[in-house]
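Notes follow once the structure below has been shown.
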Amino acid sequence: QVQLVESGGGLVQAGGSLRLSCAASGRTFNNYVMAWFRQAPGKDREFVAIINRNSAFTRYADSVKGRFTISRDNAKNTVYLQMNSLKPEDTAVYYCAAGALILFDSRQWDYWGQGTQVTVSS
């Protein structure tokens, strides 16, 4: 089992940047594929970005492509989400997830953090 703790959320103006972190503890971090999802009020949890175990593969939702970057540091047991050129529609609770496979459906992930709020003002 792995425990995940997100940090780095906050309030930012449109066009600004934030960097989210997700620290993992428990079983070996580099055994896991890692991903970020987000959930806005009244909406389903949606895929944002994913990275495989050795960072050779990444994939992004079309809505964030070119603006967000996912990365990981296996020595620090941490995955990051660098978010640039933020828009009001990026406002959501952001969650990191750990799993064994590259999957894009939030229902198929086993381990979740508690989430961190990102609010982008216009």
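Counting from 1, the numbers follow the sequence of the chain as shown.
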[Y] and [X], any side-chain heavy atoms less than 4.5 Å apart:
X: Val2; Y: Tyr32; value: yes
X: Leu4; Y: Met34; value: yes
X: Phe68; Y: Leu86; value: yes
X: Tyr60; Y: Ile70; value: yes

message: Quick one: does any side-chain atom of Thr78 pair with a main-chain N or O of Lys76 as donor and acceptor, under 3.5 Å?
response: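 Confirmed, Thr78 side chain pairs with Lys76 backbone.
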- request: For Asn54, look at atom CG and say whether over 12 heavy atoms of other residues, nucleotides or ligands are found less than 6.0 Å away.
  value: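 For Asn54, atom CG is crowded (more than 12 foreign heavy atoms under 6.0 Å).
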message: Can you pull out every salt bridge (Lys or Arg N to Asp or Glu O under 4.0 Å) where at least one residue sits in residues 96-107? Sequence neighbours excluded, please.
response: Asp105-Arg107
query: Which pairs pass salt bridge (Lys or Arg N to Asp or Glu O under 4.0 Å) with one or both residues in residues 88-100, sequence neighbours excluded?
result: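 Non-adjacent pairs meeting salt bridge (Lys or Arg N to Asp or Glu O under 4.0 Å): Arg38-Asp90, Arg67-Asp90.
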Show me the side-chain donor-acceptor pairs of residues 11-24 shorter than 3.5 Å, one per line, residues at least two apart or across chains.
from	atom 1	to	atom 2	distance (Å)
Ser17	OG	Asn84	OD1	3.0

field: Contacts of type side chain to side chain contact (heavy atoms under 4.5 Å, CB included), residue Ala100, not counting sequence neighbours
entry: Arg53
- prompt: Under the ring-ring contact (aromatic ring centres under 6.0 Å, His included) rule, what pairs show up with a residue in residues 72-105, not counting sequence neighbours?
  reply: Phe47-Phe104
- request: Taking side chain to side chain donor-acceptor pair (under 3.5 Å) as the test, write out the residues that go with Thr119, two or more places apart.
  value: Gln117
